[in-house]
Amino acid sequence: MTPRKIIIDTDPGQDDAVALLLAFASPQELDVLGVTAVAGNVPLALTQKNARIVCELAGRKDVPVFAGCDRPMKHSLVTAEHVHGKTGLDGPQLADPVMPLQAQHAVDFIIETLRREAPGTVTLVPLGPLTNIAAAFTRAPDIVSNVQEIVLMGGAYFEVGNITPAAEFNIYVDPEAAEIVFKSGIPLVVAPLDVTHKVLTTAPHIAGFRAMGTQVGDMVAAWTDFFERFDKEKYGSEGAPLHDPCTIAYLLQPDLFSGRQINVEIETQSELTRGMTVADWWGVTDRAPNALFLGNVDAEGFFELLTTRLARL
Ligand code: BDR
Ligand code: CA
């Protein structure tokens with residue numbers, strides 16, 4: 001089987017880090033052409049650095065990392081240090097990366113790659129605000145029809161918001177960018193909070209990461225340990241949701257997930273509900289479906305996949 005070509009657009013973030021590791025642990029299925037960093041959980045200077053830290057941890061210094069947009073299209077940047085800590089990857093002690101950052105801008109890399117590769121063979125996997133992706137589509141509309149699929153983490157319907165009562169963080173930070181992506185006509189798979197809140201890193205899972213006895217296992221345990229504290233306090237849940245790894249798990253084993261092909265629109269106007277994903281789950285409008293909106297996951301199957309793959313690194 002030829003591995004599927006993907007670009008991971010990310011704002012690491014502990015859960016982004018686990019998503020990157022899961023992708024790197026699956027080279028037979030996924031060929032990571034590049035990692036593009038965007039401002040989100042923490043500012044760009046940290047997300048691009050964190051992306052390189054994770055590549056090095058996975059032994060993948062060969063994967064090019066690019067820095068992209070340092071602020072959303074229209075609004076000022078909102079960050080999430082209250083969840084991820086000051087560095088974005090708080091938890092374990094981390095050394096600075098030695099692999100270089102690419103000189104090329106992430107948006108140029110996305111455009112160039114989609115023009116170079118055969119149409120319909122590159123999938124985009126956004127794990128943060130959609131600024132880089134929307135900037136690429138705006139600057140080079142010819143690349144839109146070349147994208148095979150977009151598999152993203154963002155939005156919420158039944159769970160509503162985590163950063164405001166109405167909005168999920170990634171969409172809230174750059175709703176104008178999200179609107180461009182959701183209206184692009186590209187096949188979309190959306191992993192919203194409705195599904196990511198069902199994959200919780202409970203204590204036995206963290207113990208399982210530690211029991212791997214590898215540097216990757218120790219790091220993932222320390223990251224999820226840190227990341228957990230926020231959701232435990234906020235939701236009273238048993239552990240932290242592994243939001244972003246849901247996208248990679250979907251690419252590896254889509255049958256772990258179920259959802260509905262529905263219409264999803266982004267609220268950009270209202271101060272009160274800015275960034276809300278208005279998901280027509282019940283089909284009450286005649287708006288055309290534009291996304292597979294995931295709603296359920298086999299959590300045990302997800303953790304089985306995650307732990308077996310991470311143990312390979
Ligand atoms: C999303 O926001 C970030 O904090 C996480 O990395 C994830 O991508 C969850 O709302
Ligand atoms: Ca993220």
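In listed order, ligands and their atoms are each counted from 1.
Protein atoms that are N, O or S and lie under 3.0 Å from the Ca ion (ligand 2) are these: D11 OD1, D16 OD1, D16 OD2, L127 O, D244 OD2.
A donor-acceptor contact closer than 3.5 angstrom links the side chains of T123 and Q148. Checking T36 against D9 by side-chain atom types alone, a donor-acceptor pair falls below 3.5 Å.
E168 OE2, 3.2 Å is the protein heavy atom nearest to atom 9 (C) of ligand 1. Considering only non-hydrogen protein atoms, atom 6 (O) of ligand 1 sits nearest to D15 OD1, 2.7 Å. Scanning the protein heavy atoms around atom 3 (C) of ligand 1, the nearest turns out to be N41 OD1, 3.1 Å. Annotation: atom 8 (O) of ligand 1 to nearest protein heavy atom, D244 OD1, 2.7 Å.
Under a 4.0 angstrom heavy-atom cut-off, H84 registers as being in contact with ligand 1. In this structure, D16 is part of the shell of residues with a heavy atom less than 4.0 angstrom from ligand 1.
Within a 6.0 Å sphere centred on CG of D62, other residues, nucleotides and ligands contribute more than 12 heavy atoms.
Checked against the 6.0 Å centroid threshold, F158 and W281 count as a close aromatic pair.
Proximity of T196 to ligand 1, defined as any heavy-atom pair under 4.0 Å, is not found for any part of the residue. When heavy-atom distances to ligand 1 are checked against a 4.0 Å cut-off, L127 comes that close only through its backbone atoms N, CA, C and O.
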Checklist line | Check against side chain to side chain contact (heavy atoms under 4.5 Å, CB included), L46 and H84 | finding: CA-CA 12 Å; L46 289 169; H84 301 275; over 6 Å; no

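Here the side chain of T277 pairs no donor or acceptor atom with the backbone of A279 at under 3.5 angstrom.
Here is the list of ligand 1 atoms found below 4.0 Å of a heavy atom in N170: 1 (C), 2 (O), 7 (C), 8 (O).
With R274 as the fixed residue, the side chain to side chain donor-acceptor pair (under 3.5 Å) test singles out one of Q269, H75, E267: H75.
Counting only residues at least two apart or in different chains, salt bridge (Lys or Arg N to Asp or Glu O under 4.0 Å) contacts with residues 66-94 are absent.
Here the side chains of F226 and P92 are not in contact, with every heavy-atom distance at 4.5 Å or above.
Classification of R139 and D108 as a salt-bridged pair holds, one side-chain N sitting under 4.0 Å from a carboxylate O.
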